[in-house]
Amino acid sequence: MIVIGWLLSCCYLYTDMPVTTAGGLNVWTSLFEGKFTLFYNTTYQGVPNTGLARSITGGAYDFLMYAIFAIYNFPTWIWEKITGLSFISFIVTKVYVKGIAWVFSGISACLVYKIALESGAEKKNAIWAPFFFLTSGLFWCAQVTIVGYDVISTAFGLLGVYGYLKKNKVCFYIGFAVGIATKMFVLWLFIPLLLLREKKIYKIIGKMFLVLLPIIIPKLYFSVGAKYAAAGEPITKKVNAVIAHSNVIDEALFPAEDIATYTFVSMPNLPLVFVGMFAIWVLCYLSKREWTAYEVVYLCTLVMAYFTLTVKMHPYWCILLAPYIALLMAMNAEKIKANLFIEFLISVGYVVNKAILYYWCFGLLQIHRMIMPTHQFSFEDGVDYGKYGLERLVYMLSEKIGISEIHIAYIFSALFVTAMVMFLVVNRPKKDVMAGEVVIEKEEKQWYYLRLIFSVFVGILPMIGLAEYMLPVNWGA
């Protein structure tokens, strides 16, 4: 099934991947040109009629993200220097650059297995954890249909959790330091785990500063490049990646007005994500006992679930939650039937909601980017080709049943919220919660196969757009 997922992912391309890859290539360009301090002012020339139709200068992330992309794509940079061609011009090279997401997906799966073992699960149960992770609708949404690179941060976050359970401080701090530098949202996991074991305020502040060093040091270094840029050369990108990406962070954490449409649970004038996180932090700080491994995994699931529910959630961010759901499913063998059913509902609610609201991530546009510039779809004037996909079918359904498209999205939002709450209730820590063996009996098999079928359905969502395009039907503007 994983091979099927990889093959499907080779057919799609989301814009963020080539743009961030270009940033990684700029690392080598600025380094070998002797202008490393000017990395955030180094330009990668775009290719007309592709996902890089404009020049890409600098980047919107902290430097460590681009360093990881640079290491993986060093062969790509060499190939470009030899051929004088761009990776974005060929399907094979685009498949290669997307491979970074699959490398870290594999690393994440291995860490999920190790965490399950470290938590006390028997091998026959622990092996289910990476399986549930790699076959979940959330994983296929993020890593097959979109192929996002938030899995890099997810992998290092899992490394930090593994280090916490092993009581390996080096693993704990390095894992979270790199994870936070590649996606700040992993900070939500680090803070409560730190507060569980550290009670002295000055040590808490010192260790927080320690894990933020991979962000702070590059910012200070590259600020020199901005200050001493060549006279008359415009500085086109902020050096501080958080500031350059601040609109995304601001909208995510403080969803209001129209932005609240993309949030599962929100309130005007009250950032709910902080309400819950503050409560969790206080609880962890006041706790004086050593938590069990299951409780720690449950805490991580609770934190990422609450984050998912209360921020403006981009569809590929669900990869931050997926491994912890899989861990609880494998570790709570007694509730396997309920978990298979509820996890299926979680995936359905989340993916359908996002496929409607973020239709450009799930439609024909994903295939369009992959085959450009060699091949092009020809669209009629006035037809939004981004809407070829599930969203178009939902739009047609809404006209038939009299329920607006946005309200249909809200129905699936309600399903996701309900299922997520039920999952947390069913898997709450209790005595002997890890007893038993994960066995898929005849009664559970319907939900077992349904979740697998739905995951494949998620993987072929852009193909629905291709079918709509090829059918002789007037889909309207």
Side-chain angles (χ1 to χ4, degrees), residues 104-105 108-109 111-112 115-116 119 129-130 132-133 136-139 141-143 148-162 164-165 175-176 179-180 182-196 249 252-253 255 263-265 271-281 283-284 291 293-332 339 342-343 346-347 349-351 353-354 416-417 419-429:
F104 280 93
S105 293
S108 296
L111 286 167
V112 165
I115 289 172
S119 299
F132 287 144
F133 170 59
S136 73
L138 298 182
F139 176 86
C141 171
Q143 301 310 121
Y149 43 79
D150 296 279
V151 70
I152 297 174
S153 181
T154 299
F156 283 105
L158 287 166
L159 179 63
V161 173
Y162 179 68
Y164 180 89
L165 295 174
F176 276 112
I180 292 167
T182 50
K183 182 65 75 171
M184 283 287 288
F185 299 137
V186 178
L187 185 64
W188 297 123
L189 288 173
F190 174 73
I191 294 175
L193 293 179
L194 176 64
L195 294 175
L196 279 178
I249 296 175
L253 300 181
T263 310
F264 290 107
V265 182
L272 290 180
V273 64
F274 289 101
V275 174
M277 294 301 177
F278 287 159
I280 291 171
W281 296 349
L283 173 66
C284 292
W291 285 29
Y294 185 91
E295 289 173 329
V296 171
V297 173
Y298 183 86
L299 173 65
C300 293
T301 312
L302 174 64
V303 167
M304 295 319 301
Y306 189 78
F307 167 81
T308 303
L309 291 171
T310 55
V311 304
K312 180 194 174 186
M313 194 73 180
H314 291 252
Y316 35 84
W317 289 355
C318 61
I319 194 65
L320 297 163
L321 170 64
Y324 302 104
I325 290 179
L327 278 164
L328 288 186
M329 290 177 67
M331 292 164 66
N332 193 359
N339 280 334
I342 296 172
E343 191 259 359
I346 288 173
S347 295
Y350 183 91
V351 173
N353 173 270
K354 296 305 177 185
F416 173 73
V417 173
M420 196 69 253
V421 172
M422 289 303 300
F423 184 83
L424 292 170
V425 171
V426 167
N427 292 283
R428 65 191 183 279

Taking side chain as C-beta onward, heavy atoms only, is Leu193 less than 4.5 Å from Val161? yes
Would you mind reporting whether Ser108 and Pro323 have side-chain heavy atoms less than 4.5 Å apart? no
Do Phe423 and Ile346 have side chains that approach each other closer than 4.5 Å (heavy atoms only, starting at C-beta)? yes
Measure the shortest side-chain to side-chain distance between Phe264 and Met420 over non-hydrogen atoms and say whether it is less than 4.5 angstrom. no
CG (Asp150) and OH (Tyr316) are apart, to the nearest 0.5 Å, by 7.0 Å
From the list Ile319, Leu158, Thr182, side chain to side chain contact (heavy atoms under 4.5 Å, CB included) partner of Val151 resolves to Ile319
Does some side-chain heavy atom of Ile325 sit less than 4.5 Å from a side-chain heavy atom of Ser136? no
To the nearest 0.5 Å, how far apart are CD in Glu343 and CG in Asn427? 11.0 Å
Using side-chain contact (heavy atoms from CB on, under 4.5 Å), reason through Tyr350 and Thr308 one step at a time and then give a plain yes or no. CA-CA 10 Å; Tyr350 183 91; Thr308 303; 4.2 Å; yes
Just so I know, are the side chains of Lys183 and Tyr149 near enough to count as touching, which here means a heavy-atom distance under 4.5 Å? no
Tell me the closest heavy-atom pair linking Leu138 and Cys318, and the distance in Å. O-SG, 3.2 Å
For the student: nearest non-hydrogen atoms of Thr263 and Leu309, plus distance: CG2-O, 4.0 Å
What is the minimum heavy-atom distance between Gln143 and Gly148, and which atoms define it? NE2-O, 3.1 Å
Supply the atom-to-atom distance Leu159 CG to Leu111 CG, rounded to the nearest 0.5 angstrom. 6.0 Å
Before giving the answer on side-chain contact (heavy atoms from CB on, under 4.5 Å), spell out for Leu196 and Leu299 the whole-Å C-alpha distance, their side-chain angles and the decisive distance to 0.1 Å. CA-CA 11 Å; Leu196 279 178; Leu299 173 65; 3.9 Å; yes
Where Ile280 and Pro192 come nearest, the two heavy atoms and their spacing: CG2-CB, 4.1 Å
Testing Phe190, Tyr164, Tyr162, Phe185 for ring-ring contact (aromatic ring centres under 6.0 Å, His included) with Phe176, which one passes? Phe190
Can you find a heavy atom in the side chain of Lys354 that is under 4.5 Å from one in the side chain of Cys141? no
From CE (Met331) to CD1 (Ile115), nearest 0.5 Å: 9.5 Å
Work out which heavy atom in Ala305 is nearest to a heavy atom in Leu321; give both atom names and the distance. N-CD1, 3.7 Å
Atom pair CG/CE of Leu320 and Met304 - distance to nearest 0.5 Å: 4.5 Å
For the residue pair Ala293 and Ser119, what are the closest heavy atoms and their distance? CB-CA, 3.4 Å
Give the ring-plane orientation class for Tyr298 versus Tyr294, where under 30° counts as parallel, over 60° as perpendicular and anything between as tilted. parallel
Kindly indicate whether the side chain of Val186, heavy atoms from C-beta on, has any atom under 4.5 Å from the side chain of Phe156. no
Give me the ring orientation class for Phe274 and Trp188: parallel if the planes are under 30° apart, tilted from 30 to 60°, perpendicular past 60°. perpendicular
Checking side-chain contact (heavy atoms from CB on, under 4.5 Å) for the pair Leu424/Leu302: CA distance, chi angles, key distance, verdict? CA-CA 7 Å; Leu424 292 170; Leu302 174 64; 3.9 Å; yes
Please check if the side chain of Tyr306 supplies one atom and the backbone of Gly276 the other of a donor-acceptor pair under 3.5 Å. yes
Of all residues at least two apart in sequence or in a different chain, which pass the side-chain contact (heavy atoms from CB on, under 4.5 Å) check with Ala326? Phe132, Phe133
To the closest 0.5 Å, what do you measure between OG1 (Thr301) and CG (Leu328)? 3.5 Å
